[in-house]
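Working notes for the structure below.
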Amino acid sequence: MLMNSSDTMPALARSAKDWVRILAKYREPSTRRSILELLVTLVPFTLLWVLAWTAMSISAWLAIGIAVLNGFFLVRIFCIQHDCGHASFFHSRGVQDWVGRCLGVLTLTPYDVWRRTHSLHHAQHGNLDQRGIGDVLTLTVDEYRARSRFGRLMYRLYRHPIVLFGLAPGYLFLLQNRLPLGLMRSGRRYWVSAMATNVMIALLLAVMFWLGGMKPVLLIYLPTVLVAATIGMWLFYVQHQFEETHWAKGDAWQVHEAALAGSSHYVLPTPLRWLSANIGIHHVHHLYSRIPFYRLPQILDDHAELAVAQQLTLRESLRSVNLHLWDDKLKRLTSFREAKRQYGPA
């Protein structure tokens, strides 16, 4: 596609609202393509499950290794469920809602609960006045310094990599998702979503136990889920936790600007980009969430300025683990150490 002169402008020099209008033409899903993407994800996932089950009779470690590989396909299943939640996967809202609910049994994520909390994340991301649901908790330097010694310790523990990427993923998917936390008083619908998902998960586990005892649960099911949960947590983290992300409060916050400037473009190798269903093109996704994931690369091809905006490489993403606080004066994420050097001991 030929670009006109205005298409060569830097991404952030153009209004985020203008980008919304430009991106609208990419929003329509292809039913054929969506079905294909579903098949090329679920079929390998199922085959790897069968292969891991067969491998249990040969070696427990072989079964675990196959389960770990299958965790990547479970990430892709979650990403498809994610698109269903944004009404971007099929033309029929009813069809994609039921596809999302079924996939939610595999991902241990009640679909209707997640769809609601994730919509709040999109609506409030980058707003310092509206934090708490669907985000990695991020304090400002001033908020952190105003906390008690115990409060600062708790925040440091929360932001530690062992907690964020070791303990939190299992807690979130195995335990927290079993109740509609955050929506406990929001109506019957979310309780039905959580409890129905729990019942189906219990039935699935019961069938596994009936057929193979605890071995498939311990050697296949749990490794697959925990690997997928950890990868998912990491992807969610790097999508918004990078040095020059965007946070604001009051009238200075604007939803489209926060979406574009506060979300990264995670540049991944092709196999990882496929397994994560292009979720790394997150700045475009946040700006226009109704675009199917398989159309996102075409947008970068058509608009080179979006391709270079907010790029975050694998190496750079590893350094983002050391960013903990939003510096409201410098307008960037900073580390505990840097905040102490800049502003003195808390």
Side-chain angles (χ1 to χ4, degrees), residues 16 20 23 75 78-89 96-97 100-101 103-104 107-140 158-159 164-165 168-169 171-173 176-177 179-187 189-190 193-194 197 228-242 245-249 253-266 276-293 296 310 312 320 323 326 333:
V20 171
L23 296 175
V75 169
F78 186 91
C79 291
I80 292 175
Q81 178 186 345
H82 166 268
D83 262 29
C84 290
H86 282 296
S88 63
F89 203 63
Q96 61 195 346
D97 281 348
R101 290 179 184 118
L103 297 181
T107 64
L108 281 73
T109 305
Y111 173 76
D112 293 282
V113 176
W114 175 85
R115 185 178 65 181
R116 175 59 180 158
T117 57
H118 192 65
S119 69
L120 291 174
H121 163 69
H122 271 257
Q124 301 171 0
H125 169 67
N127 189 341
L128 289 170
D129 297 322
Q130 298 288 336
R131 284 169 285 172
I133 295 182
D135 291 314
V136 175
L137 176 62
T138 305
L139 296 181
T140 67
Y158 169 81
R159 297 286 301 206
L164 271 180
F165 310 114
Y171 167 76
L172 174 62
F173 285 90
Q176 182 175 311
N177 279 353
L179 290 172
L181 297 180
L183 301 173
M184 301 286 277
R185 299 182 179 179
S186 299
R189 176 181 188 177
Y190 303 111
S193 174
T197 303
T230 302
I231 295 171
M233 187 70 182
W234 172 254
L235 289 172
F236 187 78
Y237 179 87
V238 299
Q239 286 161 4
H240 302 294
Q241 300 283 320
F242 55 99
T245 188
H246 178 89
W247 288 87
K249 62 174 64 176
W253 180 82
Q254 200 279 330
V255 64
H256 297 111
E257 293 294 340
L260 181 58
S263 306
S264 67
H265 172 201
Y266 198 22
S276 60
N278 301 319
I279 199 66
I281 309 175
H282 210 64
H283 58 322
V284 178
H285 164 70
H286 250 261
L287 194 56
Y288 208 114
S289 62
R290 289 291 299 274
I291 298 172
F293 74 82
L296 293 174
Q310 274 85 265
L312 187 68
S320 72
L323 302 175
W326 174 251
L333 281 180

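One is the number of the first residue; the rest follow in order along the sequence.
Residues passing the side chain to side chain contact (heavy atoms under 4.5 Å, CB included) test with Leu323, sequence neighbours excluded: Glu243, Ser320, Leu333. Partners of Arg131 under the side chain to side chain contact (heavy atoms under 4.5 Å, CB included) rule, at least two apart in sequence or in another chain, are Leu128, Thr140, Glu143, Trp247. By the side chain to side chain contact (heavy atoms under 4.5 Å, CB included) test, Asp97 pairs with Arg93, Arg101, Tyr111, Arg115, sequence neighbours left out. With sequence neighbours excluded, the residues that form a side-chain hydrogen bond (donor to acceptor under 3.5 Å, both in side chains) with Gln81 are Thr107. Remark: His256 pairs with Gln254 by the side-chain hydrogen bond (donor to acceptor under 3.5 Å, both in side chains) rule, at least two apart or across chains. With sequence neighbours excluded, the residues forming a side-chain hydrogen bond (donor to acceptor under 3.5 Å, both in side chains) with His82 are His86, His118, His285, listed by chain and number. Every residue two or more places apart in sequence or in another chain was checked for a side-chain hydrogen bond (donor to acceptor under 3.5 Å, both in side chains) with His246, and none qualifies. Every residue two or more places apart in sequence or in another chain that forms a side chain to side chain contact (heavy atoms under 4.5 Å, CB included) with Asn127 is listed here: Asp129, Gln130, Trp253. Under the ring pair (Phe, Tyr, Trp, His ring centres under 6.0 Å) criterion, Phe165 pairs with Trp234, Tyr237, not counting sequence neighbours.
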Item to check | Worked verdict on Asn177 versus Trp114 for side-chain contact (heavy atoms from CB on, under 4.5 Å) | outcome: CA-CA 9 Å; Asn177 279 353; Trp114 175 85; over 6 Å; no

Checklist entry - Would Gln176 and Leu179 count as a side-chain contact (heavy atoms from CB on, under 4.5 Å) if you check the C-alpha gap in whole Å, the side-chain angles of each, and the deciding distance to 0.1 Å? => result CA-CA 6 Å; Gln176 182 175 311; Leu179 290 172; over 6 Å; no

Checklist entry - Under the side-chain contact (heavy atoms from CB on, under 4.5 Å) criterion, do His265 and Leu312 qualify, and how do the steps go? => result CA-CA 6 Å; His265 172 201; Leu312 187 68; over 6 Å; no

Next on the checklist: Assess the residue pair Phe293 and Ile80 against the criterion (side-chain contact (heavy atoms from CB on, under 4.5 Å)); give the C-alpha distance rounded to whole Å, side-chain angles, the decisive distance to 0.1 Å, and a yes or no.
Outcome noted: CA-CA 8 Å; Phe293 74 82; Ile80 292 175; 4.0 Å; yes

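Counting all heavy atoms, side chain and backbone alike, Gly126 lies closest to Ala258 at CA-CB, 4.5 Å. Of all heavy-atom pairs spanning Ser276 and Val75, the tightest one is CA-CG1, 4.5 Å. Residues Tyr190 and Pro180 share a closest heavy-atom pair of O-CB, 3.9 Å. Between Leu183 and Val113 the shortest heavy-atom distance is CD1-O, 3.9 Å.
Between the side chain of Thr197 and the backbone N or O of Ser193 there is at least one donor-acceptor pair closer than 3.5 Å. Judged purely by atom type and a 3.5 angstrom limit, Tyr158 uses its side chain to pair as donor or acceptor with the backbone of Leu137. For the pair Thr245 (side chain) and Gln241 (backbone), a donor-acceptor distance under 3.5 Å is absent.
Side-chain contact between Ser263 and His240 is present, with heavy atoms from C-beta onward closer than 4.5 Å. Met233 has its side chain out of reach of Phe173: every pair of non-hydrogen atoms, C-beta onward, lies at least 4.5 Å apart. At a threshold of 4.5 Å between non-hydrogen side-chain atoms, the residues Gln96 and Asp83 do not count as touching.
Rounded to the nearest 0.5 Å, atoms CD1 (Ile231) and CZ (Phe78) are 13.0 Å apart. From Leu164, atom CG reaches atom OG1 of Thr230 across 11.5 Å, with rounding to the nearest 0.5 Å. Atom-to-atom distance recorded for Ile281:CD1 and Gln239:CD is 11.5 Å, nearest 0.5 angstrom. One distance of note links CZ of Arg290 with OG of Ser88; it measures 7.5 Å at 0.5 Å rounding.
A centroid separation of less than 6.0 Å is found between the aromatic rings of His121 and Phe236.
If you check the side chains of His286 and His125, you find no donor sitting under 3.5 Å from an acceptor.
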